[in-house]
Amino acid sequence: MLKINYRILVVDDDFEFHKNLRLALREGYLFEGARDEFELRKKLNGKDTYDLILLDLDLHGNEDVTVGLNLIPELGEKFPDIPIIVITKESKISVVIEAINKGAKTYLHKKELDYKLWDKQFRTIIENRDLHKENIKLKQETAILKHQISQSYPFIGETTQVLEIKRTLTIVSEEPEITVLLTGETGTGKEVAARFLHQQGARRDGPFVGVNLSAIPKEMLESELFGHKKGSFTNAEFDKEGYFRQANGGVLLLDEIGDVNADIQIKLLRFLETRLIRPIGWDQDIQLDVQIVTATHRNLREEVASGNFREDLYQRLKAMVIYIPALRERREDIPLIIRHYLKQQSYDEQIIPPEVMAMLLNYHWPGNIRELVNSIRSMMMRRKILNRDAIDPECLPEEIRAFVPGTIVHHTENHAPIALTIPEGNHSLEEQQAILELRRIEASLIQYNGIKKDVAFALGYDKAGKSDNLNYCITSFYSKFPHLFSSFPVISKKYKRYIKPTDLL
Amino acid sequence: MEIYYLTSDQLYIRAYASYFEAQACKLMPYSEEANKTDGLILLLFSPFKCGKIRISPEQLWKKGLAIQTPNAVLLSAGFEEIRHPNYLDLLNLPSRFSEVLANSKRVSENWQPVYTGGIEMEDKLTRFFKGHGKDSLVGELTNIHGKISALRDAITEWKLSYETAAKEAFDSGYTWNHWAIFLTRWSYYYPLFQYTPFAKTMDNIHAAIKKVEPFFASKGLREELFMDTNCAETITYIQHTLNAIEKTYVEN
């Protein structure tokens, strides 16, 4: 078998020793020689790289090993990738121990010379070095990959709701045992939120495993989650690890938890209570260290009430509930999200003119961020097909084009759309921002049955500072743009103390 | 009771045989076989004559027997006026030899053998191995071993012809110098080892040296001598055997 040619730097004042090595190990190695520490440094600082240094401790042939011993840490520091083997005629074990303590990988006695054995030693040490380097490289690649994955699932948003969610997730991530329930409409970014939690917290170096439970056939769900032993049922031809074991030491996202049947619910409950699972066909339990994050678009409280979901499991899951708002509840984030995906595909944001952006902002996005991202892709594709320099309304998907301008639609909790009229005409940028914010407040007042405190909490206006106060916000808008309030009847009604009916024209 | 002895002068045996017979002891010449005897008693008539010099090898014997037969009793016998539980003053023999044996210490115990006036062989052995620094006898042999092993591997592993490999190996001519120095030193030291615990091993090494000597005398020109004498293996044997002696008697 052809051997790789490794480069070895032999540091020894005995030239015959260099020659002997070249003669005995003439294939597989390229030997370079240095007779003393000065030649050694010169060689190492030159162009060539070496796989191994063979260092004679008695470099000056006067039985003084101090020079050789002192070279070891110096070389280790400057050339950490080059392993050092100490060569000695001296049998003193204390010298050998000192050399190894200073960083030599091993030692070889000239008196016990056996070139075949030395060959093996050289290769073992060089290959171990290579493995070590490979390991470091793999770790770096894994870190890069993790970073790329996190970039693929960015939690974009600067609205007060999103900032508050991020803050909450960061705090929760420091508690690696707590179970988190993410709620919100489909496409709002529940998996992104789960990944954000994983990346922030104590389990960031562990795996992240996401499973959409509704996508797995019911009869296979137990096996997919908990694993199985070969032969434990028909078609079980191999042992299966299962998602729980894959996520050991990390985070397991169970998406669409509201869709699982009663049997799986019992097993999930058992895990949450005991941290034990039992794969199918096993006769013993396995202890795991997994943080569970669940997500659902269903109202679990209603599922419990209707008998479809176990009360005890629900109680376990709702230790920390985080609501991920729909995109239409945080329209200010739409330009940010669009900008992010345009940048990802190396497009200038100017490619979307203001009128198209306005249409995108006004659309109600029932499919939330998922729909927005797909729409961006679709727009870019249509732009190419239509051979346009910039995106124009024709590039937009049909449903966005067909959406009636001047009408915004809000979805209530049961997804019934509510149309709200907005003032027509040209508006300044500040005025447009006011309209967007008033829309949010109007929608939230409807959603929270007009309870201002809940709206303030949901929209992040519950902080002590005056600028964050919901009342202040509305009165501030009213003082500047009183004419807008005719389009926001719920706000006008709830804040009639401040808003005069005469302005609602 | 059998008492094994080692002497450089059989006159001692003839002179003192009657004393030991009277003590119900039988004097037997020592050989390595005797190490198998449980409760070995070894009597060294010391110092030993080696040509014109006298040597005292007690320290080496104590080390050697302690490894091989730890219950052995090592006695020195001579004409020094020394009082020591393991010394027999031949000019003042005890009336009851059994009392000497009863009071003597076993080789495994911690005690110092008497100095009987010859060259201290433990020091001599250290000088044999370590003297002359890197140009010591073992240093010279290490150089020869490195060269001859490389030559052998070049021929067997890399299928070089003997002529090509030998040319590359011996072009500087240093090997013959190393061999000459090694041989000179060996010739000086070898006779001194005949009354040591490893005398037989040294005889074997001597035979091995003699075996490969013609190859070195030919300065590597005769391939058949390299092959027929198993030169590389023989040098390896010499090197490893000397290393073992050094480890046991010098470094221990």
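To find a chain, count down the sequence lines: A is the first, B the second, and so on, and within it residues start at 1.
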Chi angles and distances behind the side-chain contact (heavy atoms from CB on, under 4.5 Å) call for B:Ser149, A:Asp114: CA-CA 8 Å; B:Ser149 298; A:Asp114 179 337; over 6 Å; no
B:Asn143 vs A:Glu16, side-chain contact (heavy atoms from CB on, under 4.5 Å): CA-CA, chis, key distance, verdict: CA-CA 8 Å; B:Asn143 289 332; A:Glu16 289 293 307; over 6 Å; no
Trace of the side-chain contact (heavy atoms from CB on, under 4.5 Å) decision for A:Arg26 with B:Glu157: CA-CA 9 Å; A:Arg26 57 193 309 114; B:Glu157 295 291 314; over 6 Å; no
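Counting non-hydrogen atoms of neighbouring residues, nucleotides and ligands closer than 6.0 angstrom, the CD atom of A:Glu77 reaches no more than 12 such neighbours. Under a cut-off of 6.0 angstrom, the local environment of NE2 in B:His240 is crowded, with over 12 non-hydrogen atoms contributed by other residues, nucleotides or ligands. Atom OH of B:Tyr115 is surrounded by more than 12 heavy atoms from other residues, nucleotides or ligands within 6.0 Å. Other residues, nucleotides and ligands place more than 12 heavy atoms under 6.0 Å from the CD atom of A:Glu141. Crowding of A:Gln287 atom CD: a count of heavy atoms from other residues, nucleotides or ligands under 6.0 Å exceeding 12. At most 12 heavy atoms of other shown residues, nucleotides or ligands fall within 6.0 angstrom of atom OH in A:Tyr107. Heavy atoms from other residues, nucleotides or ligands lying under 6.0 Å from NZ of B:Lys63 number more than 12.
For the options A:Arg22, A:Lys116, A:Glu112, A:Lys19, heavy-atom pairs under 4.5 Å to chain B are most numerous at A:Lys19. Of the listed residues B:Gln239, B:Lys147, B:Arg152, B:His145, the one with more heavy-atom pairs under 4.5 angstrom with chain A than any other is B:Lys147. Counting heavy-atom pairs under 4.5 Å between each of B:Thr175, B:Thr236, B:Leu160, B:Leu242 and chain A puts B:Leu160 at the top.
A:Leu23 approaches B:Ala169 most closely through the heavy-atom pair CD2-CB, 3.5 Å.
Looking at A:Lys111 and B:Glu246, their side chains come closer than 4.5 Å, going by heavy atoms from C-beta outward.
A distance of 10.5 Å separates CG of B:Asp153 from CG of A:Asn20, quoted to the nearest 0.5 Å.
Between the side chain of B:Trp158 and the backbone N or O of A:Ala24 there is at least one donor-acceptor pair closer than 3.5 Å. Side chain of A:Tyr115 to main chain of B:Gly146: a donor-acceptor pair is present (N/O by atom type, distance under 3.5 Å, no hydrogens or angles).
In this structure, chain B has a heavy atom under 4.5 Å from the backbone of A:Leu25, while its side chain stays farther away.
In this structure A:Lys110 satisfies the salt bridge (Lys or Arg N to Asp or Glu O under 4.0 Å) test together with A:Asp12, A:Asp56, sequence neighbours excluded.
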